[in-house]
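The structure under discussion appears below in the form of structure tokens.
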Amino acid sequence: MISVAEAVQIVRQHTPKLGIEKVDLPNALGRVLAQDIVADSDLPPFDRSQMDGYAVCAADTTSAPVSLRIVGESAAGKGWRQRMEAGEAVRIMTGAPVPAGADSVQQVELTHELKDGTVVELLAAVEPGKSIVKQGDEIKAGETVLRPGVTINAAMMAVLAAFGYAQVEVSKRPRVAVVATGSELVTVDEQPGQDQIRDSNNYSISAYAELAGSVVHRLPLTRDETSLLKHQIAEAADNFDVVVTSGGVSMGVYDVTKNALKELGAEIFFERVALRPGKPIVFARLPGGALFFGLPGNPVSVSVTFNLFTRTAILAMQGANEPVLKQETVMLARTVKGSMDRESYLPAQLMTNDDGELIAFPLKWGGSSDFVSFALTTALAIIPAGVKSVEAGSLVKAIRLP
Ligand code: AMP
Ligand code: MG
């Protein structure tokens with residue numbers, strides 16, 4: 001059996017990068033950036049006032065209070081384009097250009113306009129440079145502000161807009177087909193009969209896959225028959241970049257997924273990982289090149305194996321900088337059992353205590369079928385293989401679930 005780390009490495013090795021497409025800016029949110037974003041102007045593009053107040057020469061204010069003659073007004077979008085002289089002031093608004101000759105802005109709260117608006121009294125002295133952001137202080141024209149591989153977030157949308165990117169080059173979204181296998185399964189809108197359950201895996205897999213940036217298509221449920229499943233996978237392989245099945249990968253007589261793969265001539269890279277839950281997990285390449293993930297049937301195993309392996313492939317296909325979920329150090333709130341031959345990924349809730357420590361509360365181990373409890377977990381606490389138990393208060397690694 002290979003380790004989780006080895007399995008992740010194999011997935012990354014065999015995952016091809018998809019191409020690039022141009023999208024209109026409003027559609028770029030959540031996509032993986034595929035080009036350098038370069039500033040087409042200085043920011044700010046001119047010396048900009050940070051305050052409403054008066055642009056002045058600081059030297060005129062050293063013996064404040066002092067009266068200065070108001071010679072003009074500079075507003076955002078309509079600057080005052082002449083040169084200001086010593087003894088003068090220009091009324092100025094936040095975001096407006098600072099006139100030539102001024103070296104500081106005194107905020108309006110520390111001033112008092114006199115007469116008919118032709119004189120302002122500065123109640124306090126102002127330091128040179130006060131409340132002015134110089135042209136190019138934030139960004140210089142030509143600077144690269146974003147690089148390929150980041151997932152575009154809300155704040156980045158503003159950056160793209162500010163530098164004129166009405167269209168953005170992003171990686172193509174992987175097309176993912178999801179197939180649930182199991183003769184016991186019925187769809188969400190059906191009433192389960194005797195010995196039947198509703199398929200829930202298709203919905204968690206689809207949701208995780210969409211969160212990772214893919215376009216998902218759910219195929220009809222498949223019974224535990226090799227020929228049916230084979231047909232279903234073959235058809236999906238022609239139209240999708242990734243095929244994800246759940247169920248049918250353990251050692252039972254009706255676990256037909258691997259038979260179907262073999263008959264199809266798929267190249268199987270691994271079929272067992274030293275992982276708890278989720279030991280039986282198949283990663284293969286289908287004829288034609290589509291990647292195949294055969295996840296176990298248990299809903300909790302589905303979530304664990306998807307987020308370790310399938311999510312990694314989906315993000316790597318998009319050229320994401322960080323396709324693997326980051327590990328953090330957490331403190332265990334209670335003692336948990338490990339496994340001698342497998343690395344355990346235990347569902348847990350993360351919380352910070354009053355001392356600022358990140359604490360993991362592992363769920364009572366309800367087995368890999370307890371997907372109702374799993375719905376309340378936010379993380380997986382990682383217990384290395386070969387460890388009998390880990391005491392409450394110990395530090396372990398954990399990953400947050402998407
Ligand atoms: P299997 O790996 O096919 O033996 O399935 C293991 C367990 O997961 C069985 O109890 C199945 O009924 C359950 N299971 C399999 N597929 C699904 C599914 N799509 N939705 C919910 N439970 C499932
Ligand atoms: Mg099954």
Side-chain angles (χ1 to χ4, degrees), residues 1 7 176-211 214 216-233 236 240 242-263 266 268 270-284 292-311 339 342 344-347 363 365-377 380 401:
M1 256 190 313
V176 175
V178 184
V179 187
T181 76
S183 300
E184 74 278 33
L185 302 177
V186 298
T187 57
V188 61
D189 49 3
E190 289 178 278
Q191 186 61 44
Q194 197 178 12
D195 304 332
Q196 292 183 323
I197 59 166
R198 288 196 186 94
D199 153 52
S200 59
N201 288 345
N202 266 355
Y203 289 89
S204 55
I205 295 172
S206 302
Y208 284 129
E210 276 171 16
L211 288 176
S214 47
V216 183
H217 191 76
R218 282 185 297 274
L219 300 181
L221 303 177
T222 301
R223 288 195 307 280
D224 294 316
E225 282 172 35
T226 308
S227 61
L228 264 180
L229 184 57
K230 190 176 129 187
H231 190 75
Q232 187 89 286
I233 294 173
F240 295 91
V242 184
V243 181
V244 186
T245 64
S246 63
V249 287
S250 352
M251 306 304 272
V253 218
Y254 295 106
D255 291 327
V256 299
T257 306
K258 280 184 267 182
N259 296 344
L261 287 179
K262 279 169 196 151
E263 287 187 20
I268 298 180
F270 59 75
E271 48 191 275
R272 275 154 64 89
V273 175
L275 168 63
R276 181 181 75 133
K279 177 165 71 173
I281 151 91
V282 181
F283 173 52
F292 176 90
F293 289 89
L295 310 186
N298 270 315
V300 176
S301 310
V302 160
S303 298
V304 172
T305 51
F306 182 95
N307 283 300
L308 289 176
F309 308 118
T310 318
R311 177 182 183 277
S339 151
R342 292 188 277 164
S344 304
Y345 283 70
L346 306 180
L363 285 196
W365 184 247
S368 48
S369 59
D370 189 0
F371 63 97
V372 177
S373 303
F374 188 78
L376 298 176
T377 69
L380 301 170
L401 288 165

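Bear in mind that the values here come from a model prediction, so they are computed numbers and not experimental data. Atoms within a ligand are numbered from 1 in the order they appear, just like the ligands themselves.
- Using a 4.0 Å cutoff on heavy atoms, S200 counts as a contact of ligand 1.
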CA sep, side-chain torsions, deciding dist, call: E184, D224, side chain to side chain contact (heavy atoms under 4.5 Å, CB included): CA-CA 9 Å; E184 74 278 33; D224 294 316; 4.2 Å; yes

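- Protein heavy atom nearest atom 22 (N) of ligand 1, with residue, atom name and distance: I197 CD1, 3.5 Å.
- When distances from atom 19 (N) of ligand 1 to the protein are checked, a heavy atom turns up under 4.0 Å.
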Trace of the side chain to side chain contact (heavy atoms under 4.5 Å, CB included) decision for V372 with D370: CA-CA 6 Å; V372 177; D370 189 0; 4.2 Å; yes

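- By heavy-atom distance, the residue among E184, Q196, M251, R198 lying nearest atom 12 (O) of ligand 1 is E184.
- Here is the list of ligand 1 atoms found below 4.0 Å of a heavy atom in G247: 2 (O), 3 (O).
- Of the protein's heavy atoms, G248 N, 3.8 Å lies nearest to atom 1 (P) of ligand 1.
- Of the protein's non-hydrogen atoms, the one nearest atom 17 (C) of ligand 1 is N201 ND2, 3.1 Å.
- The closest approach between N202 and ligand 1 stays at or above 4.0 Å for every heavy atom of the residue.
- The single protein non-hydrogen atom nearest to atom 10 (O) of ligand 1 is N298 OD1, 4.5 Å, given as residue, atom name and distance.
- Heavy-atom separations between S250 and ligand 1 include at least one value shorter than 4.0 Å.
- Within ligand 1, counting atoms from 1 as listed, the ones closer than 4.0 Å to a heavy atom of A180 are 19 (N).
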Worked verdict on T245 versus F292 for side chain to side chain contact (heavy atoms under 4.5 Å, CB included): CA-CA 8 Å; T245 64; F292 176 90; 3.4 Å; yes

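- Protein heavy atom at the shortest distance from atom 2 (O) of ligand 1 is G297 N, 3.1 Å.
- Within a 6.0 Å radius of CZ in F270, other residues, nucleotides and ligands contribute more than 12 heavy atoms.
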Check against side chain to side chain contact (heavy atoms under 4.5 Å, CB included), T181 and V249: CA-CA 10 Å; T181 76; V249 287; over 6 Å; no

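- Here the CG-OG distance, from N202 to S246, works out to 6.0 Å after rounding to the nearest 0.5 Å.
- A distance of 12.0 Å separates CG in N298 from CZ in F374, rounded to the nearest 0.5 Å.
- Closest of all the heavy-atom pairs between T257 and L229 is CA-CD2, 3.6 Å.
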